[in-house]
Amino acid sequence: MRSWKGWCRRLMREDDVLCSISGLQHFRYCPRQWALITMENQWTDNVHTVTGAIFHENAHEGLRVELRGDTLIVRQLEVRSGTWHLHGVCDVVEFHRSKTGVPLAGREGRWQPVPVEYKKGHPKETDADALQLCAQAVCLEDMLCCRIPEAYLYYGEPRKRSLVKLDQELRDNLADTIQRMRAMMLRGQVPRVKKSKACRGCSLADVCLPAVTGGGSARDYLSHAICQEE
């Protein structure tokens with residue numbers, strides 16, 4: 001039977017495991033990609049990652065805090081939640097003056113926080129973007145003791161905002177995803193390859209080597225590679 005002190009040490013280690021908000025995107029794209037980045041510090045760029053980084057740099061230009069009428073705009077706000085085991089940085093958080101909002105240090109009145117996440121390209125078919133936005137919102141809720149019912153995704157191609165309702169279904173989905181991420185981190189085990197069409201656009205394809213590790217023998221892979229070169 002484990003000692004009480006040993007159990008407490010294990011519990012503290014588990015509570016210290018925080019998931020990166022930006023990592024939600026990678027996990028939704030491919031758990032193996034996320035694990036290679038998070039647990040093995042592997043990273044390579046391709047055209048998608050570079051253009052995405054440039055887009056975010058443009059989004060972050062200007063003042064960190066700016067007041068426009070009844071809207072206070074805060075850029076690159078660091079957020080954290082011990083309850084949700086999350087940490088990260090918000091692209092933009094708008095604080096709208098509202099009687100039902102929360103007080104802010106150094107500001108008169110009350111303000112309702114609304115996170116806005118910037119993305120290049122078009123809206124995705126998956127819920128990865130909405131999940132990341134929801135993660136930012138729940139961190140802000142914990143930090144400010146408030147409720148955030150909705151937020152926005154801004155896409156670079158249509159150049160307009162999309163409203164995201166932060167309903168219970170999305171929050172439950174977020175909780176389930178975080179639980180899976182933390183379980184994988186605590187095991188410290190990178191999952192095996194599950195080849196899919198996502199492998200073609202992955203920046204870590206040369207690190208992951210899905211053609212080698214995704215099934216079949218090394219002999220078959222080498223034979224195929226030799227035939228391709230001849």
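What you see is a predicted model; the values in this text were computed from it and never measured. For the single chain, residues carry numbers from 1 onward in sequence order.
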Student: List in chain and number order the residues that pass side-chain contact (heavy atoms from CB on, under 4.5 Å) with T38, two or more places apart in sequence or in another chain; answer none if no residue qualifies.
Tutor: W34, M185
Student: Give me each pair satisfying salt bridge (Lys or Arg N to Asp or Glu O under 4.0 Å) with a member in residues 97-110, each pair once, sequence neighbours excluded.
Tutor: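 Sorted result for residues 97-110: D70-R97.
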Student: Kindly state each residue pair satisfying salt bridge (Lys or Arg N to Asp or Glu O under 4.0 Å) with at least one member in residues 78-89, sequence neighbours excluded.
Tutor: none
Student: Excluding sequence neighbours, so at least two apart, what forms side-chain contact (heavy atoms from CB on, under 4.5 Å) with S20?
Tutor: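 Listed in chain order: S22, H87.
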Student: Distance alone, cut at 3.5 Å: any donor-acceptor contact between the side chains of H26 and Q33?
Tutor: yes
Student: Please list, chain by chain and in numerical order, all residues satisfying side-chain hydrogen bond (donor to acceptor under 3.5 Å, both in side chains) with R171, sequence neighbours excluded.
Tutor: E141
Student: Considering residues at least two apart in sequence or located in another chain, which fulfil the side-chain hydrogen bond (donor to acceptor under 3.5 Å, both in side chains) criterion with Q179?
Tutor: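 Not a single residue meets the side-chain hydrogen bond (donor to acceptor under 3.5 Å, both in side chains) criterion with Q179.
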Student: Just to verify, what does F95 make a ring-ring contact (aromatic ring centres under 6.0 Å, His included) with, not counting sequence neighbours?
Tutor: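 ring-ring contact (aromatic ring centres under 6.0 Å, His included) check on F95 returns nothing, list empty.
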Student: Go through the structure and list residues passing salt bridge (charged side-chain N to carboxylate O under 4.0 Å, His left out) with R161, not counting sequence neighbours.
Tutor: E94
Student: My understanding is that only residues two or more places apart in sequence, or in another chain, count here; which of them pass side-chain hydrogen bond (donor to acceptor under 3.5 Å, both in side chains) with S98?
Tutor: T100
Student: Suppose we screen for side-chain hydrogen bond (donor to acceptor under 3.5 Å, both in side chains). Which residues come up paired with D172, at least two apart in sequence or across chains?
Tutor: Q168
Student: Who passes salt bridge (charged side-chain N to carboxylate O under 4.0 Å, His left out) against R68, sequence neighbours left out?
Tutor: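 E66.
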Student: Taking only residues two or more places apart in sequence or in another chain, which ones pass side-chain contact (heavy atoms from CB on, under 4.5 Å) with S162?
Tutor: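 Once residues adjacent in sequence are excluded, the partners of S162 under the side-chain contact (heavy atoms from CB on, under 4.5 Å) criterion are Y155.
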